[in-house]
Structure formats: structure tokens, C-alpha cells
*Asks:* 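After the C-alpha cells below, expect a handful of questions from me.
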Amino acid sequence: MSTRQTVLLVGGTGRTGRRVLRQLLERGVGVRAIVRAGGGIPPDIAGDPNLAVIEASLLSLRDEELQQHLRGCDAVISCLGHLVSLKGVFGPPRDLVTRATMRLCRGIDALQPSAPVRFILMSSVSVNRPGGLDTRRGPFERAFLRMLRGAVPPARDNQRAADFLLEEIGSANAFVQWVVVRPDSLVEGAVSEYGLHEGLVNALFAPGSTNMANVAHFMCELVTNPKTWADWKGRLPVITNAEASSSTNP
Ligand SMILES: NC(=O)c1ccc[n+]([C@@H]2O[C@H](COP(=O)([O-])OP(=O)(O)OC[C@H]3O[C@@H](n4cnc5c(N)ncnc54)[C@H](OP(=O)(O)O)[C@@H]3O)[C@@H](O)[C@H]2O)c1
């Protein structure tokens with residue numbers, strides 16, 4: 001029996017998603033990538049034998065089709081994000097990340113896998129852990145974030161997707177376990193030392209930076225390194241480049 005892991009990746013044509021895709025393949029992980037257009041996959045990896053590209057509109061797939069793609073997967077990674085344009089930010093689907101997260105988790109649930117599937121969600125430091133678990137932001141930052149979630153759909157969407165995992169999937173689900181990865185400002189750059197933090201480390205108006213390659217590296221570690229998964233499952237780690245951290249990876 002093959003022990004190769006299989007990941008279903010959504011958002012794999014994005015800035016971070018492409019890096020996740022490449023690093024997964026470099027580790028020998030099998031990837032099924034649901035993409036809107038196959039042309040978004042870098043040509044040098046498009047023919048990789050460990051990659052299956054599924055061209056489809058994720059939110060329009062029928063439940064049975066989605067379950068077929070999820071069947072046999074050890075993990076699901078979502079690097080979905082609203083495109084940075086007027087249409088991307090304010091146009092439909094305003095709840096892209098939340099709807100995709102809900103559909104994928106419910107699809108896993110319907111399959112009742114024998115071992116829990118790992119769901120890894122790319123999120124943001126603008127997302128709060130509820131119940132005051134994050135370092136309390138100042139009154140101005142809190143007011144600004146409230147305004148942002150009210151006025152800017154992607155900010156609200158990211159929060160709702162994380163809330164769904166925390167509140168509806170929870171920590172004792174037999175079929176889905178999850179990690180919400182919260183990078184600070186995304187920047188270019190190679191894999192370097194990075195820090196993982198239980199809560200927020202930078203003020204909203206004095207952000208730190210996180211190499212997209214480091215986000216990808218951490219997501220791959222969550223898939224392939226059982227200790228990393230055990231350390232972070234059911235949590236919302238903040239990931240920043242090492243200059244802002246004390247404990248570092250890789
Ligand atoms: N920018 C930052 O500094 C920052 C910081 C922290 C967290 N984040 C969060 O990180 C996430 C990913 O960011 P990124 O910059 O790596 O993403 P990105 O480059 O904007 O890529 C977005 C991905 O989502 C897909 N997508 C967009 N709309 C879609 C739709 N309607 N249906 C299906 N797929 C769709 C895109 O597919 P196509 O290629 O087909 O368009 C692409 O694969 C976002 O949620 C963002 O909020 C960003």
C-alpha cells in the first residue's frame with residue numbers, strides 16, 4: 001500500500017498557493033489542485049506526475065464532485081484570497097473563503113474518513129481568536145478592525161472562515177482537524193528562519209513581514225511533520241519572519 005500523502009489544494013495559482021504547490025511536490029506529496037484556469041500553474045511543474053490539475057469553479061462543483069476530489073486526501077490546504085482589484089474586493093463571491101471552507105469541511109464530513117483529514121487555512125493577522133485569547137488590541141485598532149470587517153468583504157470573510165472552524169468544527173471532530181495560519185504582511189523572498197506565535201506579535205499599524213515562502217514551508221510541515229501538526233492543530237498560529245521572534249523554524 002502506498003504511504004505517499006495526498007493533498008487537495010485550492011488557491012494553488014495564487015502568490016502563496018503557487019509556493020505551497022511547488023514545495024509540496026518537492027517533498028514528494030501528491031497534489032490535487034482545483035483551479036479556475038490551468039494556465040495559472042507554473043509550466044515547469046504543470047506536468048509533474050504527482051500533480052493532478054482539476055479545472056473547475058470551486059464553489060459551483062456539485063457536492064458529489066467535490067467529495068470525489070476529497071476522497072483519499074490526507075489534508076486540504078486553502079490559499080484562496082480575494083484578488084486585489086475593485087471587483088475582487090467588492091464583487092461576488094464576497095464569502096469565497098468561508099463558503100469554500102464550509103463546503104470542503106462538510107465534504108470531508110460526508111466521506112467519514114477513517115482518520116481525520118487535516119484542514120489548513122491561510123488567514124491573516126487581521127483575524128482574531130475569539131474570547132479575548134489574542135493580545136488585546138488598543139481601542140483605535142479594535143475600532144479600525146470593526147470598520148474594516150463592516151466595509152471590506154475580504155476582512156469579514158477571513159474572520160468568518162476562522163470562526164466556522166473554531167466554533168462549528170471545534171476541537172473534537174472525528175473527521176476534520178484544522179490549523180488557521182495567520183501571516184503578517186506578505187512579502188517575496190526565499191524560505192528563511194521564521195517564528196510561530198500563539199498570538200499577535202505586531203501592532204496593526206506597525207506590521208511585521210512574512211515571506212510567502214515561509215508560509216508555504218510551514219503549511220508543508222503541517223502536512224508532512226506529525227510533531228508540527230500535533231503542536232498546532234486546533235490553533236491559529238501567527239507566522240512572522242525571524243527578526244520578530246524568539247523561537248524559530250525551520
Ligand atoms: N496580502 C497580504 O499581505 C496578506 C497578509 C496576510 C494574509 N493574507 C491572506 O492570504 C490569502 C492569500 O493571499 P495571496 O496574496 O497569496 O493570494 P492571491 O495571490 O490573491 O491568490 C488568490 C487565489 O484565490 C483564487 N481565487 C480568487 N477568487 C476566486 C474565486 N472566485 N473562485 C476560485 N478561486 C478564486 C485565485 O485564483 P486565480 O488564480 O484563478 O485568480 C488564487 O489562486 C488571502 O486570503 C489574504 O487575505 C494576505
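Note that ligands are numbered from 1 as they come in the structure, with each ligand's atoms numbered from 1 the same way.
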*Asks:* Can Pro154 be said to touch ligand 1, with heavy atoms closer than 4.0 Å?
*Replies:*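 The answer is no: ligand 1 sits nowhere under 4.0 Å from a heavy atom of Pro154.
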
*Asks:* Is ligand 1 under 4.0 Å from a heavy atom in the side chain of Ala100, in the backbone, in both, or in neither?
*Replies:*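 None of Ala100 does.
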
*Asks:* With rounding to the nearest 0.5 angstrom, report the OG to CG distance, Ser126 to Leu204.
*Replies:*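 Those atoms lie 8.0 Å apart.
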
*Asks:* Is ligand 1 less than 4.0 angstrom away from at least one heavy atom of Gly40?
*Replies:*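 False for this residue.
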
*Asks:* Provide, to 0.1 Å, the distance between atom 48 (C) of ligand 1 and the closest protein heavy atom, together with that atom's residue and name.
*Replies:*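 Checked against all protein heavy atoms, atom 48 (C) of ligand 1 sits closest to Leu186 CD1, 3.4 Å.
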
*Asks:* Inspect the contact between Asp63 and Arg103 and indicate whether a charged nitrogen and a carboxylate oxygen are less than 4.0 angstrom apart.
*Replies:*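 Salt bridge flag = yes for Asp63 with Arg103.
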
*Asks:* Number the atoms of ligand 1 from 1 as they appear, then name those within less than 4.0 Å of a heavy atom of Asp184, with their elements.
*Replies:*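 Under 4.0 Å from Asp184, ligand 1 has these atoms: 5 (C), 6 (C).
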
*Asks:* Would Ser123 count as a contact of ligand 1 if the rule is a heavy atom under 4.0 Å away?
*Replies:*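 True for this residue.
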
*Asks:* Measuring from atom CZ of Arg22 to atom CZ of Arg27, what distance do you get when rounded to the nearest 0.5 angstrom?
*Replies:*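 Result: 14.5 Å between the selected atoms.
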
*Asks:* Is Val97 in contact with ligand 1, taking contact as a heavy-atom separation below 4.0 Å?
*Replies:*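 For ligand 1, residue contact (heavy atoms, under 4.0 Å) with Val97 is absent.
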
*Asks:* Going by the order shown, which atoms of ligand 1 are within less than 4.0 Å of some heavy atom of Pro93?
*Replies:*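 Once the distances to Pro93 are compared, the set is 31 (N).
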
*Asks:* May I ask whether Cys79 places a heavy atom under 4.0 Å from ligand 1?
*Replies:*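 Right, Cys79 reaches ligand 1.
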
*Asks:* Side chain, backbone, both or neither: which part of Leu58 has a heavy atom under 4.0 Å from ligand 1?
*Replies:*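 Neither; nothing of Leu58 gets under 4.0 Å from ligand 1.
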
